[in-house]
Peer 1: 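My questions will all concern the structure given below.
Every chain is numbered from 1, with letters handed out A, B, ... down the list of sequences.
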Amino acid sequence: MAGKVDFRDFIAQLNNQFGTTEGDWNQLAKTAIVTFEYDDKRDNISGKYKGVPVFRHREYENTILAGETWICKLDGSHDNYHFATPVQKVDASFLFELKKDQIDEIAETVWKNHEGAIRPSLEERYHDMMIENVSKAVEDAKSGFKAEVDDLNAKIRTLEQRDAESKQIIASLEEKAKAVPVYPVKITPGGMPQMLPSVQTLAPVSSVRRTSPDAMQSEFFTQSRYFIHVSADHRIIVIRPHAEGNVVCMDNTITLEGLSIISSFNEPYDMVSEYSSEYGGLLVHLK
Amino acid sequence: MSLVSKNRNNKVMLFIDLRNVVKSVETVESVYFKLDFYTLARQLTGQRELVAAYVFDTRKPYGDDDPSKKFHDKLRYNGFRVIARESYDPNRKEQKEVDVAMACELVVHALRDHYDVAIVVSGDRDFIPAIQHVQAAGKRVEVAAFSNSIGGELIRTADEFHELGHMPLLSMNNLSEASFDMPADAEGA
């Protein structure tokens, strides 16, 4: 249990703690919180402090309105009335300027002392507010989800449309693929096969006949000029039709003086040949 | 067959050491068969994009009768870039500067990212250091040569080796005049 504290010692202790002086305490004794109202005749505005009327000091130039509460400095020279010089109006802005811990402390004190009176009012007020806020939040969430669902439905429709288009394209390509003829193993008469990029090689065919040491004959030799190249190891010959070719063909027969040098000849025979897309012409195997 | 995959989008640049190729094909060429450089370039390139084909050779100084001029002009007509150095030594019958010039072009174009694949048509192992530098720059280097003119070291260095002897590159003709002429007195490689 705390012992008795001398008031003067207490003041001195506070002065040391907060750096105040005796004069500051004298000022505090003359400070009061006053609420101003109209008098009965509604002519003047005045307040009361400890039952004593408080009037606005004549030197205070600003206006005080009825219903305002001010922290005032009182002129204590009269016993039956005071003249007040307003220092700080006590209103919402005054409260907002308080620090949070000060507001919390005020609210806690008010709540502790007047919970019974405040609770019904707060419950009624915030019940409606809560319902309103929750309803608004639910509506916002609903509208947000609805927009998201709409977007997803739009994407689904787009994907379904693309899927349908892809299926149409695939069906079209399948129809085209069915319509493309399969290249036969044997080269069709009537001309040399041209470049067929998708076909690597066709199976060997005996379409070129060696008729003499220097001559080859084939029903495919229908063009007048060809390019003919032989490998250095004398294993293969490539025959390509070309308007600027340096080998002349007559009567389906190509005569090359050097042919007997690279490939011996005893009697006529069919040469193994195939179309080669790699070389873009007829590939004839010599060995 | 190569471990390194080929890409049809690759840019190919061809570097032909002319005298090396001519020297190695001498044994199989005749009046009936001539090496076709245009077909050589097309077959080595395949489906890929050929961005340039360089041919390196020597020539005599201007004013002299250069037997190679006609052949060089024919190559230029076909789209080759012929770089002919005036560095032929008639006394020793050998070329000078050509290998270094080709190696410089090979490396410079690689470092300038002008190609993805270099095809060196030569069996000369002097190109191995240049090829290794080009490979270190991230480029693929293929070597093409006749088997009688190339050693194992160069084949192993290349990312892929093309044996020209197996490819149909010798042009045959039955016209009275050949479509092109190689220089009769081919200078020494």
Peer 1: Can you check side-chain contact (heavy atoms from CB on, under 4.5 Å) on A:F227 and B:T39, steps first, answer last?
Peer 2: CA-CA 10 Å; A:F227 276 123; B:T39 300; over 6 Å; no
Peer 1: Does a sphere of radius 6.0 Å around CD in A:E115 hold more than 12 heavy atoms from other residues, nucleotides or ligands, not counting ones at 6.0 Å or beyond?
Peer 2: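 Check passes, neighbour count above 12.
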Peer 1: Does B:R125 CZ have over 12 foreign heavy atoms under 6.0 Å away?
Peer 2: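 For B:R125, atom CZ is not crowded (no more than 12 foreign heavy atoms under 6.0 Å).
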Peer 1: Who among A:I228, A:I254, A:V238 has the most heavy-atom pairs with chain B under 4.5 Å?
Peer 2: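 Winner by heavy-atom pair count: A:I228.
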Peer 1: Might you confirm whether atom CD of A:E257 has over 12 heavy atoms from other residues, nucleotides or ligands at distances under 6.0 Å?
Peer 2: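 Check fails, neighbour count at 12 or below.
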Peer 1: Where is the tightest heavy-atom contact between A:S231 and B:G165, given as atom of each residue plus distance?
Peer 2: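 Closest heavy-atom pair between A:S231 and B:G165: CB-O, 3.7 Å.
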Peer 1: Is it the side chain or the backbone of A:L283 that comes within 4.5 Å of chain B heavy atoms, both, or neither?
Peer 2: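 For A:L283, there is no contact with chain B at all, as no heavy atom is under 4.5 Å.
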Peer 1: Might you point out which heavy atoms bring B:M172 and A:V247 nearest each other, and give the distance in Å?
Peer 2: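 Heavy atoms of B:M172 and A:V247 come nearest at O-CG2, 3.3 Å.
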Peer 1: If you count heavy atoms of other groups shown closer than 6.0 angstrom to NZ of B:K11, is the number above 12?
Peer 2: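 Yes, because the 6.0 Å sphere around NZ of B:K11 holds more than 12 heavy atoms from other groups.
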Peer 1: At what distance, to the nearest 0.5 angstrom, does CD of B:Q43 lie from CD of A:E278?
Peer 2: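 B:Q43 atom CD to A:E278 atom CD measures 7.5 Å (nearest 0.5 Å).
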Peer 1: CG of A:D251: more than 12 outside heavy atoms within 6.0 angstrom?
Peer 2: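 Open: at most 12 neighbouring heavy atoms sit under 6.0 Å from CG of A:D251.
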Peer 1: How many angstroms lie between atom CZ of B:F33 and atom CD1 of A:I262, to the nearest 0.5 angstrom?
Peer 2: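 It is 4.5 Å, given to the nearest 0.5 Å.
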Peer 1: Identify the heavy atoms of A:N246 and B:N173 that sit nearest to each other, and give their distance.
Peer 2: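 So the minimum-distance heavy-atom pair works out to O-CB, 3.3 Å.
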Peer 1: State, to 0.1 Å, how close B:H166 and A:I236 come at their nearest heavy-atom pair, and which atoms those are.
Peer 2: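 The pair with the smallest heavy-atom distance is O-CD1, 3.8 Å.
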Peer 1: Are there over 12 heavy-atom neighbours, none belonging to B:H133, within less than 6.0 Å of that residue's NE2?
Peer 2: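 At most 12 heavy atoms, drawn from other residues, nucleotides or ligands, come within 6.0 Å of this atom.
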Peer 1: Would you indicate whether A:Y126, at its atom OH, is surrounded by more than 12 heavy atoms from other residues, nucleotides or ligands within a distance under 6.0 Å?
Peer 2: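 Open.
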Peer 1: Roughly how far, to the nearest 0.5 Å, is the NE2 atom of A:H234 from the CG atom of B:L170?
Peer 2: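 If I round to the nearest 0.5 Å, the distance is 6.5 Å.
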Peer 1: Work out which heavy atom in B:F146 is nearest to a heavy atom in A:A232; give both atom names and the distance.
Peer 2: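 Taking every non-hydrogen atom into account, CE2-CB, 3.7 Å.
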